[in-house]
Amino acid sequence: MSRRYQLTQLETLESEAVHIFREVAAEFERPVLLFSGGKDSIVMLRLAQKAFHPARIPFPVMHVDTGHNFPEVLAFRDRRAGELNLQLLVASVPDALDRGFVQAPPDGTRNRIQTPVLLEALEKHQFTAVFGGARRDEDKARAKERIFSFRDEFGQWDPKNQRPELWNLYNSRIHLGESIRVFPLSNWTELDIWQYIAQERLELPSIYYAHERTVFERNGMLFAVNEYCVPKPSEPTFTETVRYRTVGDASLTAAVRSDADTVEKVVAEVAGTRITERGATRGDDKFSEAAMEDRKREGYF
């Protein structure tokens, strides 16, 4: 009797991502993986492990640190990089501010000034390919982007100048100074990510699960009270059981009400939601309809 071999949804996505990692390692001289300690980059690390096992991951990881990150996430980032014996590069926004390379916006947030710091670090280390954990379900601008996203010599993205990717064939040709941003998770959804975390039993920073936190409401979102995010006199604080769907800059990233304190509960919660994680929790994407696309044109990942 003949046997049927059929991959599950997660096995198909994993296989595609592993192929992309190996393709980049074969085609590009100096790749790097952006690793923040967030759930998507944690999944990326596991996929890179599988792509090159039993060897170690053959490229460094880099984090653009705004100086406003959640301390739980930074601690996890450092510990995980150490466990995997990875070279961790930190592109520091506070250092760039001290040098006068960038200037802090009047509102005190730093997401916008991550971009020049990222571009400076990529040029300094001469990286030709940059793995990012972006997914197409996050934002309209993300959905426009290819898996191999071409960037010019200024690190900028032109949504009208993209290369076809028929039959999963990727064009890796670049000239001196140009680079490629690579997104192995492009075809994954937030639910796929959480199901994979459950399947692989991946450890995450604790703030991804329900916990009590002092918060205040702004623009319909719940922001944690911390040194980077202070409520106005008209914004009363209260204690709420929340969790974070994404862990960006602490001054702009909101939490959501939740009692999901296990990965199984989070999977069930995400399966029932009808709003993207960025739409629900990222204040920087509330500035305009094209906020993400504007930043990507400037060089944001």
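Being a predicted model, the structure only gives us computed values, none of them experimental.
For the atom pair OG of Ser36 and CG of Asp65, the computed distance is 10.5 Å after rounding to the nearest 0.5 Å. Between Leu88 atom CG and Leu33 atom CG the span is 11.0 Å, to the nearest 0.5 Å. Distance check: Leu34 CG to Leu89 CG gives 10.5 Å after rounding to the nearest 0.5 Å. We find the CD1-CH2 distance between Ile193 and Trp188 to be 5.5 Å, quoted to the nearest 0.5 Å. The line from CG of Leu118 to CG of Leu122 is 4.5 Å long, rounded to the nearest 0.5 Å. In this structure, Ile207 CD1 and Arg245 CZ are separated by 14.5 Å, a value rounded to the nearest 0.5 Å.
By the 6.0 Å contact criterion, CG on Leu176 is open, its count of non-hydrogen atoms from other residues, nucleotides or ligands being 12 or less. No more than 12 heavy-atom neighbours from other residues, nucleotides or ligands sit within 6.0 angstrom of CD on Glu29. Residue Glu153 places its CD atom among more than 12 non-hydrogen atoms of other residues, nucleotides or ligands, all under 6.0 Å distant.
For the pair Arg151 and Glu178, the salt-bridge criterion is not met [side-chain N within less than 4.0 Å of a carboxylate O]. Between Arg136 and Glu145 there is no salt bridge, since none of the side-chain N atoms of the basic residue sits less than 4.0 Å from a carboxylate O of the acidic one. Under the 4.0 Å criterion applied to side-chain N and carboxylate O atoms, Arg99 and Glu120 are assigned as salt-bridge partners. One finds no salt bridge joining Glu240 and Arg213 here, because no Lys/Arg side-chain nitrogen approaches an Asp/Glu carboxylate oxygen to under 4.0 Å.
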Side chain to side chain contact (heavy atoms under 4.5 Å, CB included) between Glu14 and Glu200, worked out: CA-CA 11 Å; Glu14 179 187 75; Glu200 298 292 310; 4.2 Å; yes

CA sep, side-chain torsions, deciding dist, call: Phe59, Phe127, ring pair (Phe, Tyr, Trp, His ring centres under 6.0 Å): CA-CA 10 Å; Phe59 40 75; Phe127 291 125; 9.6 Å; no

Full working for side chain to side chain contact (heavy atoms under 4.5 Å, CB included) between Thr241 and His211: CA-CA 5 Å; Thr241 301; His211 59 286; over 6 Å; no

Steps toward side chain to side chain contact (heavy atoms under 4.5 Å, CB included) verdict (Leu45, Leu202): CA-CA 10 Å; Leu45 274 186; Leu202 298 179; over 6 Å; no

Audit row: Glu16, Ile147, side chain to side chain contact (heavy atoms under 4.5 Å, CB included) steps and yes/no: CA-CA 11 Å; Glu16 178 188 53; Ile147 291 175; 4.2 Å; yes

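Two residues are said to be in side-chain contact when any heavy atoms from C-beta on lie closer than 4.5 Å; Phe238 and Thr214 fail this criterion. Side-chain atoms of Leu84 and Leu86, non-hydrogen and from C-beta on, do get closer than 4.5 Å to each other. Looking only at side-chain heavy atoms (C-beta outward), Leu185 and Leu47 come within less than 4.5 Å of each other. Residues His63 and Arg77 have side chains in contact (heavy-atom distance under 4.5 Å, counting atoms from C-beta outward). Within the 4.5 Å cutoff, the side chain of Val32 has no heavy atoms near those of the Phe131 side chain. In this structure, the side chains of Lys39 and Ile197 come closer than 4.5 Å at one or more pairs of heavy atoms. Within the 4.5 Å cutoff, no side-chain heavy atoms of Ile180 are placed close to those of Val130. Using a 4.5 Å cut-off on side-chain heavy atoms (C-beta onward), Gln195 and Leu10 make contact.
Both Phe35 and Val90 belong to a single network of hydrophobic side chains, linked directly or stepwise wherever heavy atoms of I, L, V, M, F, W or Y lie under 4.5 Å apart. By the criterion of side-chain heavy atoms lying less than 4.5 angstrom apart, applied directly or through intervening Ile, Leu, Val, Met, Phe, Trp or Tyr residues, Val182 is grouped together with Ile42 in one hydrophobic cluster. Tracing side-chain contacts under 4.5 Å through hydrophobic residues (I, L, V, M, F, W, Y), one never reaches Leu74 starting from Leu97; they form parts of separate clusters. Residues Val64 and Phe101 share a hydrophobic cluster, clusters being chains of Ile/Leu/Val/Met/Phe/Trp/Tyr side chains in contact below 4.5 Å. The cluster map of Ile, Leu, Val, Met, Phe, Trp and Tyr, joined by side-chain heavy atoms under 4.5 Å apart, puts Leu191 and Met44 in the same cluster.
In terms of heavy-atom proximity, Pro184 sits nearest to Ala17 at O-CB, 3.9 Å. Considering all non-hydrogen atoms of both residues, Pro116 and Val102 come closest at CG-CG1, 3.5 Å. Nearest heavy-atom pair across Cys229 and Ser251 is SG-O, 3.9 Å. The two residues Ala51 and Arg22 make their nearest non-hydrogen contact at O-NE, 2.8 Å. Pro164 and Arg146 make their closest contact through CA-NE, 4.3 Å (heavy atoms, listed as atom of the first residue, atom of the second, distance). Taking each heavy atom of Ala224 and Val215 in turn, the nearest pair found is CA-CG1, 4.1 Å.
In this structure, the side chain of Asp192 engages the main chain of Thr189 through a donor-acceptor pair within 3.5 Å. At least one donor-acceptor pair under 3.5 Å links the side chain of Ser186 to the backbone N or O of Phe183. Under a 3.5 Å cut-off, the side chain of Asp40 and the backbone N or O of Ala134 do not form any donor-acceptor pair. With hydrogens and angles ignored, the 3.5 Å screen pairs no side-chain donor or acceptor of Arg181 with any backbone N or O of Phe148. When atom types are taken as modelled, the side chain of Asn171 and the backbone of Arg173 share a donor-acceptor pair closer than 3.5 angstrom.
Under the rule for a ring pair (Phe, Tyr, Trp, His ring centres under 6.0 Å), Phe76 has no partner lying at least two apart in sequence or in another chain.
A donor-acceptor contact under 3.5 angstrom links the side chains of Asp249 and Thr66, judged on distance only. If you check the side chains of Tyr170 and Glu23, you find no donor sitting under 3.5 Å from an acceptor.
You'll find the ring centres of Tyr209 and Tyr244 outside the 6.0 Å limit.
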Contacts under 3.5 angstrom, residues 263-270 side chains, donor-acceptor by atom type, not counting sequence neighbours:
from, atom 1, to, atom 2, distance (Å)
Lys265, NZ, Asp261, OD1, 3.2
Glu269, OE1, Ser258, OG, 2.7
Glu269, OE2, Arg243, NE, 2.7
Glu269, OE2, Arg243, NH2, 3.1
Glu269, OE2, Ser258, OG, 3.4

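Screening residues 226-239 for side-chain hydrogen bond (donor to acceptor under 3.5 Å, both in side chains) gives Arg218-Glu235 as the qualifying pairs, with residues at least two apart or on separate chains.
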